[in-house]
Amino acid sequence: MKMRMKSEQYELLAKQAVALIESEPDLIANLANISALLSLELTDVNWVGFYLVKGDELVLGPFQGKPACVRIPLGRGVCGSAALDERVLRIDDVHQFEGHIACDAASNSELVVPFKIDGEIAGVLDIDSPFVKRFTEVDEKGLVIMMKQVENVLNSHTNNSEFLD
């Protein structure tokens with residue numbers, strides 16, 4: 001049975017994510033493995049994946065879950081706002097978020113963590129839950145630290161920019 005992550009468990013999750021991607025230079029393969037890892041390890045989530053910046057919008061990347069919105073304009077919805085402002089957004093109730101884009105009506109809370117490649121915003125990690133207030137400060141901090149470590153590995157690979165604008 002999966003247990004809700006605690007800070008020590010997020011440290012282990014970060015190590016697992018880095019181990020999955022450190023020897024693979026392909027961005028899409030790496031993001032696919034990270035989304036699969038998070039989907040397996042996080043409880044009470046119904047969608048885990050990535051959106052990548054392409055021009056003035058986010059385009060769906062590797063994910064685990066139901067089919068999703070393919071394109072999101074920068075500045076729209078939780079993901080587009082997080083990407084445009086380059087900041088983490090932890091939303092307790094997405095239905096209260098002005099401009100929320102409902103890709104899955106079952107999603108009620110959301111955590112979005114932007115990441116950069118070569119100093120530029122490259123995309124966001126997006127995690128949805130059917131439960132209101134699913135994500136805590138511990139979840140946010142753990143996933144931010146994990147994505148910072150992932151970002152460091154991605155930036156050590158040379159061919160990631162081919163997947164971005």
Side-chain angles (χ1 to χ4, degrees), residues 5 10 13 17 21 26-39 41-155 160-165:
M5 293 281 169
Y10 275 113
L13 190 60
I21 69 172
D26 188 90
L27 177 66
I28 301 302
N30 287 332
L31 298 181
N33 266 337
I34 292 168
S35 64
L37 174 67
L38 292 174
S39 181
E41 295 298 329
L42 297 176
T43 59
D44 300 328
V45 298
N46 60 331
W47 201 92
V48 177
F50 292 90
Y51 281 92
L52 300 173
V53 174
K54 304 276 185 177
D56 61 353
E57 60 188 358
L58 294 170
V59 177
L60 182 63
F63 71 94
Q64 302 283 313
K66 292 181 181 178
C69 299
V70 175
R71 295 179 183 273
I72 298 173
L74 290 176
R76 286 221 38 233
V78 179
C79 289
S81 296
L84 183 66
D85 297 340
E86 298 182 20
R87 66 183 174 112
V88 176
L89 288 177
R90 179 170 42 100
I91 308 300
D92 288 338
D93 182 351
V94 295
H95 306 291
Q96 302 303 312
F97 187 88
E98 188 174 335
H100 169 65
I101 300 169
C103 296
D104 181 352
S107 293
N108 287 307
S109 62
E110 189 167 4
L111 179 63
V112 179
V113 181
F115 66 96
K116 294 181 177 185
I117 294 177
D118 296 331
E120 299 290 324
I121 186 76
V124 298
L125 166 64
D126 179 24
I127 307 175
D128 295 354
S129 173
F131 299 98
V132 173
K133 295 184 180 181
R134 156 60 181 91
F135 302 104
T136 66
E137 288 181 35
V138 172
D139 295 310
E140 180 179 340
K141 183 179 178 188
L143 288 163
V144 166
I145 290 169
M146 185 204 77
M147 281 308 295
K148 187 54 75 179
Q149 293 177 23
V150 164
E151 186 179 275
N152 290 339
V153 174
L154 295 178
N155 277 292
N160 284 323
S161 58
E162 72 185 66
F163 294 102
L164 308 170
D165 266 359

Rounded to the nearest 0.5 angstrom, the CD1-CD1 distance for I21 and I34 is 4.0 Å
Residues passing the side chain to side chain donor-acceptor pair (under 3.5 Å) test with E57, sequence neighbours excluded, are R71
In this structure, CD of Q96 is separated from CG of N108 (nearest 0.5 Å) by 10.5 Å
Taking every heavy atom of V53 against every heavy atom of G123, the minimum-distance pair comes out as CG2-N, 3.9 Å
Rounded to the nearest 0.5 angstrom, the CG-CD distance for L89 and E110 is 8.5 Å
Practice item. Could you tell me whether the side chain of L143 reaches within less than 4.5 Å of the side chain of V88, counting heavy atoms only? Key: no
In this structure, CZ of F50 is separated from CG of L38 (nearest 0.5 Å) by 6.5 Å
Residues pairing under ring pair (Phe, Tyr, Trp, His ring centres under 6.0 Å) where one sits in residues 60-90, two or more places apart or in two chains, turn out to be W47-F63
So CG of L58 and CG of L52: to nearest 0.5 Å the spacing works out to 8.0 Å
Is a side-chain donor or acceptor of S39 paired with a backbone partner of S35 at a separation under 3.5 angstrom? no
Those residues at least two apart in sequence (or on a different chain) that pass side chain to side chain donor-acceptor pair (under 3.5 Å) with K66 are none
Scanning both residues in full, the closest heavy-atom pair of V124 with A83 reads CG1-CB, 3.9 Å
Residue set satisfying salt bridge (Lys or Arg N to Asp or Glu O under 4.0 Å) with D92, at least two apart, ordered chain then number -> none
By salt bridge (Lys or Arg N to Asp or Glu O under 4.0 Å), K141 pairs with (sequence neighbours left out) none
Could you list the donor-acceptor pairs under 3.5 angstrom formed between side-chain atoms of residues 125-132 and any protein atom two or more places apart in sequence or on another chain?
residue	atom	partner	partner atom	Å
D128	OD2	S107	OG	3.4
S129	OG	D44	O	2.5
S129	OG	F131	N	3.0

Separation between CD1 (I121) and CZ (F115), nearest 0.5 Å, reads 7.5 Å
Sorted by chain and residue number, the side-chain contact (heavy atoms from CB on, under 4.5 Å) partners of L37 (sequence neighbours excluded) come out as L13, Q16, A17, L20, E41
Nearest heavy-atom approach of I28 to P62 is O-CG, 3.5 Å
Between D139 and Y10, is a side chain to side chain contact (heavy atoms under 4.5 Å, CB included) present by the stated rule, with each step listed? CA-CA 8 Å; D139 295 310; Y10 275 113; 2.6 Å; yes
| query | Counting distance only, does the side-chain N/O of Y51 pair as donor-acceptor with the main-chain N or O of G80 below 3.5 Å? | reply | no
So the side-chain hydrogen bond (donor to acceptor under 3.5 Å, both in side chains) pairs with at least one residue in residues 142-154 (sequence neighbours excluded) are K148-E151
Taken in chain and number order and not counting sequence neighbours, the residues that satisfy side-chain contact (heavy atoms from CB on, under 4.5 Å) with A36 are Q64
